[in-house]
Amino acid sequence: MNIEDIEINKELKIVFMGTPDFAVPILEALIDKYGVRAIVTQPDKEVGRERILKPTPIKEVGIKHTILVLQPKKIKEEYAEIVALEPDLIVTCAYGQIIPKELLECPRLGCINVHASLLPKLRGGAPIHRAIINGFSKTGITIMYMNEGMDKGDIITQREIPIEDTDTAETLHDKLSILGRDLLMDTLPSIIDGTNTRTKQEEAEATYGFNISREDEHIDFSKTTRQVFNQIRGLNSWPGAYTIYEGKILKVWASRIGSNYDPIKNNGEIINTYDDGFGVKTSNGEIVITMVQPEGKKKMPAIDFINGERNKGSMIGKILR
RNA sequence: CGCGGGAUAGAGCAGCCUGGUAGCUCGUUGGGCUCAUAACCCAAAGGUCAUUGGUUCAAAUCCAUUUCCCGCAA
């Protein structure tokens with residue numbers, strides 16, 4: 001790329017729409033290489049017990065680079081200001097609101113989205129968590145044109161990565177965030193000069209990865225060891241899987257696959273303790289829980305938890321619900 | 001002022017209700033046993049019981065205060 005090209009790119013008016021950490025590397029690369037005219041993100045939210053108003057990660061990037069930040073409460077109604085900017089291109093990534101038709105049709109180069117799955121698989125708000133929880137062996141990034149449906153637009157490019165057993169939602173999140181940034185940077189030139197491809201999604205192949213609900217976080221030990229293992233790592237490090245021990249919430253942050261199978265025991269029954277955790281019966285074997293967090297306490301290695309419980313009586317035989 | 005749990009040795013906990021010399025499981029260090037060991041046995045070190053004040057002959061324990069940590073909900 002020569003100097004003249006950069007000059008042309010700087011004249012592009014790009015509006016970026018996004019909210020969480022995931023979108024930060026993507027926004028920063030855009031700012032660096034093309035410049036961003038304005039940022040749209042969710043309103044500041046009251047967070048935590050103290051109810052402190054906290055800006056979104058994307059807003060913080062905007063402030064750092066002194067870029068105009070807009071935070072409409074309802075984008076469906078408050079889009080006029082963005083249209084007035086006459087953007088050439090809108091790039092979205094995990095924005096968190098449905099974007100109205102008027103905005104989708106406004107930029108001459110269109111409205112593109114960086115989505116963290118291999119569409120049409122896992123449309124929706126939690127594709128990273130769901131990819132692990134569902135036991136996928138691979139996932140990836142899709143860059144697509146947006147339409148009025150949820151993640152239903154035409155695909156421009158995709159790039160995949162394998163999901164390893166050692167991956168958690170956190171590690172996969174970080175990998176995909178970087179992958180998304182790189183793929184967008186590699187794809188943008190073709191979008192800008194109009195040479196990109198455009199492929200419709202196979203509707204019949206579509207699956208959804210909706211936001212994680214409280215029920216998704218509750219461990220069901222009547223599932224297989226593998227399913228429980230995937231659920232636990234798929235919810236680490238946010239929001240975390242949990243079970244009920246002695247009537248209280250016990251968050252489960254990490255586990256490994258155990259090797260015992262004792263069909264006489266109940267699902268959810270603690271059947272063994274080890275140097276690194278305690279074994280719980282599942283429908284087809286044993287899951288060894290290695291990192292926990294009791295209600296009101298900090299995250300701790302399961303062996304610490306076992307040591308504390310030991311002088312209250314044996315854990316073996318107790319049931320997790 | 002959204003609801004709730006917690007702060008006791010390096011870690012995780014018990015003791016508090018019914019005040020009277022601080023305990024458990026680990027870890028650490030030293031020793032022993034063993035061909036050997038992360039296993040077993042013995043021993044030791046390590047705590048102003050989060051802060052401040054009050055009640056009392058006496059407070060980890062009862063009362064009040066402050067700070068910090070966390071779960072739920074949003």
Side-chain angles (χ1 to χ4, degrees), chain A residues 18-23 41-60 71-76 78 94-98 124-126 128-129 133 168-170 173 210-221 228 231-260 268-280 286-321:
Chain A
T19 298
D21 284 323
F22 183 80
T41 190
Q42 295 273 44
D44 295 358
K45 265 171 69 177
E46 286 182 350
V47 170
R49 283 174 292 274
E50 307 307 321
R51 309 213 156 186
I52 295 167
L53 222 51
K54 206 177 172 223
T56 69
I58 285 300
K59 181 180 181 180
E60 288 176 353
Q71 297 179 281
K73 203 168 180 183
K74 288 185 181 175
I75 189 76
K76 199 175 174 187
E78 307 165 48
Y95 170 57
Q97 291 192 47
I98 302 290
I128 302 172
H129 295 87
I133 293 169
T168 63
E170 182 175 20
H173 167 282
F210 294 115
N211 287 336
I212 303 296
S213 69
R214 187 63 177 163
E215 190 46 39
D216 292 321
E217 298 165 22
H218 191 180
I219 299 172
D220 178 0
F221 289 102
V228 174
Q231 180 185 7
I232 290 168
R233 68 200 183 95
L235 294 173
N236 177 324
S237 63
W238 187 88
Y242 75 93
T243 184
I244 304 293
Y245 174 79
E246 303 277 273
K248 290 190 174 175
I249 291 170
L250 183 69
K251 284 218 178 201
V252 178
W253 290 110
S255 66
R256 63 177 171 83
I257 297 190
S259 52
N260 288 338
E269 184 169 344
I270 296 171
I271 53 177
N272 234 322
T273 57
Y274 304 94
D275 287 346
D276 64 340
F278 52 95
V280 180
E286 176 191 36
I287 185 92
V288 179
I289 291 172
T290 56
M291 181 73 76
V292 298
Q293 181 177 20
E295 200 174 323
K297 302 288 189 177
K298 288 187 171 180
K299 219 175 272 195
M300 66 182 77
I303 187 63
D304 287 347
F305 181 71
I306 293 168
N307 278 333
E309 288 300 300
R310 198 151 4 211
N311 56 8
K312 301 175 190 171
S314 175
M315 290 175 70
I316 292 175
K318 290 185 178 170
I319 311 280
L320 300 176
R321 300 187 190 280

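Proteins get letters first, then strands, A, B, ... in listed order; numbering begins at 1 in each.
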List the atom pairs, donor and acceptor, that lie under 3.5 Å between side-chain atoms in residues 291-298 of chain A and the rest of the protein, sequence neighbours left out.
from, atom 1, to, atom 2, distance (Å)
Gln293(A), OE1, Trp253(A), NE1, 3.0
Gln293(A), NE2, Lys297(A), O, 2.8
Glu295(A), OE1, Ile249(A), N, 2.9

What's the separation between atom [atom1] in [X] and atom [atom2] in [Y], rounded to the nearest 0.5 Å?
{"X": "Lys59(A)", "Y": "Thr41(A)", "atom1": "NZ", "atom2": "OG1", "result": "8.5 Å"}
{"X": "Thr243(A)", "Y": "Glu217(A)", "atom1": "OG1", "atom2": "CD", "result": "12.5 Å"}
{"X": "Ile212(A)", "Y": "Trp238(A)", "atom1": "CD1", "atom2": "CH2", "result": "8.0 Å"}
{"X": "Gln42(A)", "Y": "Ile58(A)", "atom1": "CD", "atom2": "CD1", "result": "11.5 Å"}

Is [N] paired to anything, Watson-Crick or G-U wobble with both distances less than 3.5 Å, and if yes, which nucleotide?
{"N": "C3(B)", "value": "G71(B)"}
{"N": "A44(B)", "value": "U28(B)"}
{"N": "C57(B)", "value": "G20(B)"}
{"N": "C35(B)", "value": "none"}

If you look at every strand shown and take non-hydrogen atoms under 4.0 Å, does Lys251(A) touch a base, only sugar-phosphate, or nothing? sugar-phosphate

For Gln293(A), which contact category applies under a 4.0 Å heavy-atom criterion: base, sugar-phosphate, or nothing?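 It contacts sugar-phosphate atoms only.
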
Between Arg233(A) and Asn236(A), do the side chains contain a donor N or O and an acceptor N or O under 3.5 Å apart?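 There is no such pair between these side chains.
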
Using the [atom1] atom as the point on both nucleotides, what is the distance between [M] and [N], in whole Å?
{"N": "G12(B)", "M": "A7(B)", "atom1": "P", "result": "11 Å"}
{"N": "G53(B)", "M": "C16(B)", "atom1": "P", "result": "26 Å"}
{"N": "G27(B)", "M": "C68(B)", "atom1": "C1'", "result": "26 Å"}
{"N": "U29(B)", "M": "C62(B)", "atom1": "P", "result": "38 Å"}
{"N": "U8(B)", "M": "A50(B)", "atom1": "C1'", "result": "10 Å"}
{"N": "G23(B)", "M": "C70(B)", "atom1": "P", "result": "32 Å"}
{"N": "U52(B)", "M": "A45(B)", "atom1": "C1'", "result": "32 Å"}
{"N": "C24(B)", "M": "U66(B)", "atom1": "C1'", "result": "31 Å"}

Map Gly296(A) and Phe305(A) onto RNA chain B by nearest heavy atom, then report which one ends up closer to the 5' terminus. Gly296(A)

Taking the nucleotide of RNA chain B with the nearest heavy atom to each, does Trp253(A) or Pro301(A) sit closer to the 5' end?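 Looking at the nearest nucleotide for each, Pro301(A) comes out on the 5' side.
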
Opening and closing nucleotides of RNA chain B in contact with chain A, under 4.0 Å to non-hydrogen atoms: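 Range of nucleotides touched by chain A: G2(B) to A74(B).
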
How far apart are the closest heavy atoms of [X] and [Y], and which atoms are they?
{"X": "Pro43(A)", "Y": "Lys73(A)", "answer": "CG-CA, 3.9 Å"}
{"X": "Val280(A)", "Y": "Ile289(A)", "answer": "CG2-CD1, 3.8 Å"}
{"X": "Glu286(A)", "Y": "Asn260(A)", "answer": "OE1-N, 3.1 Å"}

Could you check which residues of residues 310-321 of chain A get a heavy atom under 4.0 Å from RNA chain B? Sort them by number, please.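 The stretch gives Arg310(A), Asn311(A), Lys312(A) as the residues lying under 4.0 Å from the strand, ordered by number.
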
Is the distance between the ring centroids of Phe305(A) and Tyr245(A) under 6.0 Å? yes

